[in-house]
Structure formats: structure tokens, C-alpha cells
Asker: 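Structure below; questions to follow.
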Amino acid sequence: MSEPLLKVSNLAVSIRGDEGVARVLDRVDLEIPRGRIVGVVGESGCGKSTLIKAILGVLPPRAEIEAGEILFEGRDLAHASPQVLAREVRGSAIGFIPQDPLLALNPVFRVGTQMLETMRWHAPPQWKGRHRERLVELLGAVQVPDPEKALDRYPHEFSGGQRQRLLIAAALSCQPRLLIADEPTTALDVTTQQQVLKLLRDLVAEFGLSMLFVTHDFGVVAQLCDDVSVIYAGQTVEAAPTRRLIDEAAHPYARMLLACHPDRATELGGIPGSVPSPYVPPTGCRFHPRCPIAVAECTSRRPDLQRPSGDHSIACPRHHLTLPEAAA
Amino acid sequence: MTAAYDANGAILQVRGLVTVLGRQRPLVGRRSAGVRAVDGVDLDIAPGEILGLVGESGCGKSTLARTLLGVQRESEGNIVLDGRSVGGLDPGEARRTRGDIQYVHQDPGAALDPWWSIGRSLEEGLAIRGNRSPADREARVRRALSEVGLDPATAGRYPHELSGGQLRRVGIARILVLEPRLVILDEPTAGLDLSVQATVLRLLRDLRARLGLTYLFISHDLSVVRRLCDRIAIMYLGRIVETAATDLAFSAPRHPYTRALLAASPRLDSELVQRVPVMGEPPKPGAIPPGCAFHPRCRYAEPHCARSRPVLESAESSHLVSCLRWRDLPAEPTASAT
């Protein structure tokens, strides 16, 4: 098996805040093999956004990477200089698709102006003078009607689905190898959402990309992602190929979360308790206060990732136990 | 339109409802025709049922809800509540006659005054209703808070102190104090995490059973609708295109739009997206296509679909569909047919 395009190992990030130090990411492991779409699923506050910011090198000034590494094409982004990240990684090698296209586009500039700016900063020098030509080509690829004229329009003249397509084109403009998408379809209706998901899958195949797709929606993961990683309170709890994770989740949190999904829920119980504050995270496994099968050991020691098979990893030594009826 | 009491005892009966928004007659310049946000809706809600109202943004779901509630005046049609015609009134009068209908805002955080304690916000509705006894108001608020699973002491707290799930509960408690019979829930689980969403859905189901409520449940999340609703109505550009019992709507959808919506909606057993069931996006509500509003995006459309407007017809006893060609459509296995 070849080296994954992106390999995050044991990443720990803390952010100094008014109430002390928030240990937002505690132990995140993530692999994105070449040519695959990997979903990262977690509830609000689990650290999904911090993970993206760490990879892109845009953590807030008060954040600190305490441990771990982010290997992208063999280079450690966690310890790369801000200049290197800005010049050689962000916008060029790694493209980013934001969640809300209305927030990401400036309403007073033509979309072409905004997209060309990305290229002026990040496109390879030999493309000079051909930026507009390439954008027109890309807008065609993302199926924006009448690409030549579209560049001269303003953001409000496009529908939500089209605006998302513009941002996908912008993310692709400088030939990235990795796309990172932060819930790019949450603001869209389901029929439009599916069109965008189909487009993303086609583009990833066509341009030979890999993609990290952050979401909270397991249904979207099932439609789009090859693999999926579940994060709870800043810890990776389980990772597996999508179908296997959805059908045979092993970590208690992943099992209980899936059991809350309305497609599956029998009793609609929810998960007792609430997500812990990152300022005072539980010791050991961060899920232990809510876990029905936790034992003393879970409170003292962070569980190691177990690999029952090559592509399935679980951060729970007790994952083979059945959960009590009421919980699962 | 007849206002006679409905034989099957519907709590709410809507016939030919039209709501035009933004119609203006300025002193100078051209008169604006406005947008027919609700364009001829027929709908019955039976007592005790949960009716899911499903549609994409801009389809008129919220305008329909506002019109039923009485805060938006209807332009045509009739609304019969408990056998009493309550249509054609000005907004103030409409709200008074429709006190049995209450509305839960989709973002209760935004619907609560940040400077008011939860208790004060909850008491406001009672005071407006003319309840002049502070002790009685407080008792009702405390009871409503415990009904929704919150500590009655929550009354002394402020919105920013509560989590998203707790705010939803406050939003529900706020209308429970008014003892409604029909509750309009506008996207009550939007933006909630899965584990919190599950508890809110369970609460809604329990409250219906305990208090004998009827819900009009507005949502675009078909997984949630399927889980909770007894019957669903699918709306497209201001019109109801199909209504059926939830099981039937999911296993044997008739309208091409319903089929596309079901096929597109993400589910745990969805497969990797291969094909797209419907192209394009809905047109602006200001430019509703003639004939069947869905015909420009419909793969089964024929020339006459652009000319004649379909009406809701009964395909099976309670399964209504508004499509000129529903008899000719292939029995298509949808992604959700399992």
C-alpha cells in the first residue's frame, strides 16, 4: 500500500482562552489515501473545525500544536513555517471549500475578480496571463451555465447551488492535490445537495484528487465518502470504510451516535449526558463519563487505536462488548 | 367554498388557500403583482396526527404556516378550524380566533429576548391572553417547563445560559403554557446534533401522547419526517403535490417530484451517489412555470403538462397526487423503497 497523501498522527492542539487552556484536540489520527474521499464526522464542538484549521495552518494565534504531526506528501505541516504554508500549501496544494458560500464571497466584487485573486497568489508562474481562460474552463467543469459571463456577475446573481459551484471551482483553480470541504452542502436543499455531491465525486475522479469532507450528517457520508472517521471531544474514536462503519460500528460512541439517527433509532433515546468542556476534559478516554461499558481503566488511560483489520481502527479496548439494551 | 363541518372530523381544513406576498399598489409607478407563495393549497389535519410538511426552501412552507397561524393574511380560500370558518379576517382578529393554533419558531434562541429571563418570556403569552394572576402564570410556566423535561428553576435563567437542545425545549414550553391544540413546528430539529435531535423528537412524541396535541411538522429532513410523522404532504412552489400516509409515501411515491426528493435525500443506507434524480434548482417563486409548476424539471413531462394545471386526485383512499400523468408513470423503485 502506498503512503497516504495526508497522515495526521496523534495531533494535540490547545487554545488559550479566557477560562484557561482548552484542550480542543487530544489525539486525532487521520489518513487520507490518494484518490479517496474521507469523511470526518462529529457533533458540534468535537474539534472538526480545529482539525481543518491545523491542516491548513490557520489556527488562531492563541492556539498551539502540542504534539503530533500532519504529514502531507511527506512534509510535516504541523511544524512548517507560516510562509511555506501560505506560499506552497494553502490555496495551491490544498484547496478549501467553505461551508457558507454567501459568507465566503464578497458581495461587492464580481466573482471573477475574487476567483482571479486566488490564482494571482497561488497559481504556478508559468500560468501567467492564462488565469481567466483556466477559470472559464473550470466553471464549465463545475457546470456553471455560461462561464464567460458568469465571471462578470456578482454573488447575489447566483443561486445557492451555483455559488457553491463557484467556490468549488475556486478551490480547484490552482491544481490542488487535496480538497478540504467544511460541510459545503448544509445550506443546500437535498436535490441541489445531491447534485453538488455527485459533482464532487466526479471531480475527485477526473482530476485525481483526494478529499477531506467534514460533516455531521451520516447520510451525506453514505452518499459521498469512501472512508469515514468519527471524532468525539477531540479524540478519534473509530475509522473505517464507510459501509463498514455505518453497518458495524464498534466504538460505543459511534454505535450510540448511529443509534440516534432517525433512520435507525428505535427508542430515540439520545446519548445521556453532554459533550464535555474542553477546558476540563475527562481523563483517559474522553467518552468514559457517558459510556455504558466504561470501567476504571477507561478513566485513567487513553485507549490505543486497535486494528481488527487493516482499514478499521477503534480507540476502545472494550469494543467487542455488547451495549446494554437501553443504550444502543 | 363551504364552511360546513367536515365529516371525518378534521381539526383543520384548508381549501383553495392562496397567499400573495409583496403585492403593492404604489402611488406612482407600476403596480406589483406580488408572489403567490401559497398557490391553491388544500389540506386536512386530523386531530392527534402528526402531519409532515416537506419541501425545499422557497416552496412556501413557512408562508403557509404563517397564514394558518393568522399572522399573514390569506388572499383567497378558506380555513376551517374545528368546524368554524376562521378565514378572511384581519391579522389581529385572525390570531384571536385561532388561539388553538400555536407556532414554535425554528430558532428559539432568536425568538427569545436575551434580556428577559426564561420565565418572563414564557409568562408574556399568558399575560397577552389576559391572565392577570401572577401566581397562576408562574405556576403554569413551572408546569410547562417540567412538561418539557427542564428544571422549573430554569424560569430564572437567561437564554445565553442554555444549550441549543434546552432552548428548543423552552420554545416548546412557551407555547404549551397557552394550551394549544394544533402546534406548528417549523424545522424543530434544524441545527441540532444527532444525539440532541433524538431527545427532542422523543419529547415531541411524548407530549403529543400526553397532552393530545396535533402537529403540523415542517421539515426538509426526510429521515426525521419518516420517523415521526403519520402522514406527509409534499410541497413544491406553493402547491401540495402529494399527500399520503408516511409508509405509503416512502414505499410507493407517485409524484415525480416526491420520487426525486426521496431519491436525493441522504440516508444511512444511501449508496455512493451515481446519478442525480433531478437537475437544476427550483425557479424563483416570482416566476412559477405555467401548467404543472414542476414540468420544466420533470423527466416525465409532456407538452400538455406546460398547459394544464393538475389538481390533487385520489390515487388510493387517502393518497392524493397532483400530476397529470400519475397513471402512466412506471412503478419506479426509489432509493427509499426498502
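Order of the sequence lines fixes the chain letters, A, B, ..., with proteins taken first and strands second; residue numbering starts at 1 for each chain.
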Asker: So, taking the atom named CG in B/Leu222 and the one named CG in A/Asp263, what distance separates them when rounded to the nearest 0.5 Å?
Answerer: 10.0 Å
Asker: About how many Å separate OG of B/Ser270 and CZ of A/Arg243, when rounded to the nearest 0.5 Å?
Answerer: 8.0 Å
Asker: Please answer whether the main-chain N or O of B/Gly280 pairs with a side-chain N or O of A/Gln195 as donor and acceptor at a distance below 3.5 Å.
Answerer: yes
Asker: Given side chains that start at C-beta, do those of B/Leu272 and A/Gln223 come closer than 4.5 Å, heavy atoms only?
Answerer: no
Asker: Nearest 0.5 Å, please: how far is CZ in A/Phe218 from OG in B/Ser223?
Answerer: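 One finds 13.0 Å between OG of B/Ser223 and CZ of A/Phe218.
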Asker: Let's test your reading of the structure: which of A/Gln162, A/His261, A/His216 forms the most heavy-atom pairs below 4.5 Å with chain B?
Answerer: A/His261
Asker: Can you see which heavy atom on A/Cys260 is nearest to which on B/Ser195, and at what distance?
Answerer: SG-CA, 3.7 Å
Asker: For B/Ser57, does its backbone N or O pair with a side-chain atom of A/Asp189 as donor and acceptor, under 3.5 Å?
Answerer: yes
Asker: For B/Ala198 and A/Gly270, work out which heavy atoms get closest and say how close.
Answerer: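 Closest approach of B/Ala198 to A/Gly270, heavy atoms only: CB-N, 3.8 Å.
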Asker: With rounding to the nearest 0.5 Å, note down the distance linking CD in B/Glu56 to OG1 in A/Thr191.
Answerer: 3.5 Å
Asker: For A/Glu206, is the CD atom crowded, meaning more than 12 foreign heavy atoms sit under 6.0 Å from it?
Answerer: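 For A/Glu206, atom CD is crowded (more than 12 foreign heavy atoms under 6.0 Å).
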Asker: If you look at every heavy atom in A/Leu257 and B/Leu194, which pair is closest and at what distance?
Answerer: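 For A/Leu257 versus B/Leu194, the nearest heavy atoms are O-CD1, 3.7 Å.
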Asker: Please state whether the side chain, the backbone, both or neither of A/Gln193 comes within less than 4.5 Å of a heavy atom of chain B.
Answerer: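 Contact with chain B: side chain only.
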Asker: What's the spacing between B/Thr199 OG1 and A/Ile271 CD1 if we round to 0.5 Å?
Answerer: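 Reported value, rounded in 0.5 Å steps: 10.5 Å.
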Asker: Sort out for me which of A/Gln143, A/Glu43, A/Arg201, A/Arg264 touches chain B most, counting heavy-atom pairs under 4.5 Å.
Answerer: A/Glu43
Asker: Is chain A contacted by the side chain of B/Gln197, its backbone, both, or neither, given a heavy-atom distance below 4.5 Å?
Answerer: side chain
Asker: Can you tell which part of A/Leu224 gets under 4.5 Å to a heavy atom of chain B, answering side chain, backbone, both or neither?
Answerer: backbone
Asker: Nearest 0.5 Å please: distance from the CG atom of A/Asp202 over to the CD atom of B/Gln274.
Answerer: 9.0 Å
